[in-house]
Amino acid sequence: MFVEVALPLPVSRTFTYRLNDREAKPGTRVRVPFGPRRIVGWVVAATSDMAQPAEGGGSPAEIRAVDAVLEERPSIPPDLLELCRWIADYYVVPIGLVIRAALPLALSDPRRRAEPQKSRRMARIVRELPGLLARDELFRRAPRQRACYEAIEASGGSAAVQHLTERLGFSTAVVRGLVEKELVGIIDQREQRDPFSSVQVAPPPALRPTAAQQGAIEAIIAASRTDSIVQPFLLLGVTGSGKTLVYIEVLREIVTRQGRSAIVLVPEIALTPQTVARFRSHFGDVVAVLHSALSDGERFDAWRSLRDGERRIAIGARSAIFAPVRDLGAIIVDEEHESTYKQSESPRYHARDAALIRARAAGAVCVLGSATPALESWSNVEHGKFRLLQLPERVEGRPLPAVQVVDLRAPKDAAERSPAGRPILSQPLSEAIADRLRRGEQTILLLNRRGYATFVQCRACGAVWHCEACNVSLTYHRARRRLVCHYCFHEEPPPTHCDACGSGDLSFRGVGTEQVEREVGERFPSARVARMDVDTTSGKWAHHDILGRVERGEVDILLGTQMIAKGLDFPRVTLVGVVNADVAMNLPDFRATERTFQLLTQVAGRAGRGERPGIVFVQTALPEHYAIRFALQHDFRAFADREIAERAETRYPPHTRLANVVISGNDEAATQQAAAEAATWTRRAARDVAVELTGPAPCPIDKIRGRWRWHFLLRSDSPRALGSVCRALQLDYTLRPGRAELRLILDRDPVSLL
Ligand code: ADP
Ligand code: ZN
Ligand code: ZN
């Protein structure tokens, strides 16, 4: 018996090994010899004859044997293995590296078995024995049991079984004896390692689905009961239309009635505590929350409980798509338009696309939900690939908030101006905030830029302070009194005079969240303000704490970056202010307009979700821009039509498929040269297929962490043709070795070209 094993190595092939006596199905973890080393790999195929040895396989006699089969049952279910194969193939990444990225780190350790370990079992005293007499009586013929009992007592009433047996030398029979006498219970420490088990979850409110919700629920359930391949669903529901209830009813069918498993993807766990809490309140311990703040041990426990079917709903950010659940019945992708679903390091997969692939492989239903779907998804609806389900109204007949534009080009009152020359909070917005404070309602203020001032400029000569390692301006952080680079985290003290001309007349320009916080504090000294951005949320539970305070009404004004625009459902928020809507609009990226529309629509959707209606003020210098106009009208379809038409001219997705090839190196000329050579080679490789190459050109941010960056774009209407060129480039092309430490990165379906 021979097996093909994928190893976590940067080579695009698998290796053949002999299996002597045992059997190992695809998806099984094995330890194999590789050169002088022993490494962990995964069986991806099994063959019983060597008629056709795999690439690199020699004659059967030369083939080395698998050292150990590390698990009884394959940890990777077939649909997950198929997903890994697809990612390896589509994004051109060695499958061993894909599998390694898909699984908890602990499993790459050759000594670790994926089976339950003793160390996770705790012995806890369940019956106290206060008197010595009782002890003498009970343990008359079992002095070791008494010693063991007293050892547990001495360590506070509970101790790890492994500690008792390995450190203190008690046999397992002794521990078992205590359990049989019902003095000691064995509990699984796993439950203690789940940090969410301590988070209180209120019982779920009993909600009656609206007619629109019911229609969506029934359509999805009906599809889940058919045997044929199911079309993916796009659930287009305005903000506050109750998409979560649809997901919950779908899970009730799949998990509770059909007894299958499900995966729920959310953009970022830390930012969506309410969504997670809703799932937990309905499904309790069946849910495993795959939080980025989990320790390796906790992550491993969650993974194992899913693999063993103890938990059947996996909720997490993009990597939860790799949850090893059995009998997958549904995948839900909430806020499917979010760019966080794209992994920015290799393997550069898009979790939404991965969800579609895995659902198809498993015969599961796939539901993508959003108020502002990605244009790729919308285009799939228009081409009949996805089935559209709609929730066109908010629940309980609540209106969408009225949105008003404040034109930043015409500041009325000079006294209100920030150093940047524009008011931070316009008159109407300030009045609205004051009004909310009087009425005890809450306000959300969005500015998608952190720090105090986004750049420092010399008034005399115009010089701007840049990071030495990156071609970006440094941001002034006032509380820390530092200039900070947001790309490489370089820091330096703020300047007192200009290096170029010696002038001391410096201006700190471009408003960031820290400055908004100060402005709000000065204008509304009695208001309770919370700021939420990367700088205030470094702690493990920081998001949770801030959002908890808002939920309990301990915060009047929540301000922050796009973190506060996602999925939050606070009924007492009746005002949303967008301090500057144009921040993302001018980024040199083809998705800048789409991002702006999404962000505005999403943040506006935080207002008026309770009984009291909401209002939104959008401060902008581009009031006529269609992204802003359609966001004011909550009109996704009109925006999509217009933006899709715009992209037809520039030939960007969804009209075509893209791959971005970035070449970087620590020498400017060598990088440019290498990009030119790679582009020439690729152009030749693409000659006979319908793939077009644009560039090379410097990346919009042409230097990061001391590395120069050039790129070129591959475009094609045919994913297959594009794939063949990507494969050729990745597998057959090598950068000419030089001293510039050149690197080539291939990003298929990029979400950002910066
Ligand atoms: P979305 O994700 O579509 O923005 P949510 O799922 O957060 O909306 O739901 C918005 C609010 O409406 C939540 O507070 C939710 O509890 C409530 N809700 C959802 N469905 C119903 C319903 N059928 N009846 C009453 N309230 C509902
Ligand atoms: Zn100067
Ligand atoms: Zn930098």
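Starting from 1, each residue takes its place in the sequence as its number. Order of appearance sets the numbers: ligands from 1, and atoms from 1 within every ligand.
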* Structure fact -> So for A371 against ligand 1, with non-hydrogen atoms under 4.0 Å, the contacting part is neither
* To do: Flag the pair R595 and D589 as a salt bridge only when some basic side-chain nitrogen lies within less than 4.0 angstrom of an acidic carboxylate oxygen.
  => no
* **Nearest-0.5 Å distance, CZ of residue R482 to CG of residue L474** => 11.0 Å
* Less than 6.0 Å separating the ring centroids of H466 and H490? -> no
* Determine whether the side chain, the backbone, both or neither of V238 has a heavy atom under 4.0 Å from any heavy atom of ligand 1. => backbone
* Would you say G240 contacts ligand 1, with heavy atoms under 4.0 Å as the rule? -> yes
* Structure fact -> Between G237 and K243 the two heavy atoms that sit nearest each other are O-NZ, 2.7 Å
* Take the Zn ion (ligand 2) as the vertex and measure to SG of C498 and SG of C458; round to 10°. => 110°
* Asked: Under 30°, 30 to 60°, or over 60°: which ring-plane class applies to F636 and W378, parallel, tilted or perpendicular?
  -> perpendicular
* To do: Report the member of K243, R278, E335, Q214 with the shortest heavy-atom distance to atom 7 (O) of ligand 1.
  => R278
* To do: Write out the residue and atom name of the closest protein heavy atom to atom 9 (O) of ligand 1, then the distance separating them to 0.1 Å.
  => G242 CA, 3.5 Å
* Neighbour count >12 (heavy atoms, 6.0 Å) for atom CZ, R552 -> yes
* Asked: For atom 6 (O) of ligand 1, which protein heavy atom lies nearest, and how many Å away is it?
  -> T244 OG1, 2.7 Å
* Examine ligand 1 and decide if any of its atoms is less than 4.0 Å from a heavy atom belonging to Q274. => no
* Under the criterion salt bridge (Lys or Arg N to Asp or Glu O under 4.0 Å), which of R572, R609, R612 is the partner of E441? -> R612
* Walk me through it: do R436 and T574 pass the test side chain to side chain donor-acceptor pair (under 3.5 Å)? => CA-CA 8 Å; R436 294 305 171 296; T574 57; 2.7 Å; yes
* **Test: K566 and E338 ion pair at under 4.0 Å** => yes
* How open is the angle at the Zn ion (ligand 2) from atom SG of C461 over to atom SG of C501, rounded to 10 degrees? -> 110°
* Is R478 salt-bridged to E514, cutoff N-O under 4.0 Å? -> no
* Asked: With side chains defined as the heavy atoms from C-beta onward, is the minimum distance between Q442 and L558 less than 4.5 Å?
  -> no
* Asked: Would you call E376 and K385 a salt bridge, using N to O less than 4.0 angstrom?
  -> no
* To do: Tell me which part of R394 gets within contact of ligand 1: side chain, backbone, both or neither, using heavy atoms under 4.0 Å.
  => neither
* Considering only non-hydrogen protein atoms, determine which one is nearest to atom 23 (N) of ligand 1 and report residue, atom name and distance to 0.1 Å. => R208 O, 2.7 Å
* **atom 13 (C) of ligand 1 - nearest protein heavy atom and its distance** => D569 OD2, 3.0 Å
* Structure fact -> Protein N/O/S atoms closer than 2.8 Å to the Zn ion (ligand 3), ordered by chain and number, come to C467 SG, C470 SG, C485 SG, C488 SG
* Is it the side chain (CB and beyond), the backbone, both or neither of V395 that lies under 4.0 Å from ligand 1, heavy atoms counted? -> side chain
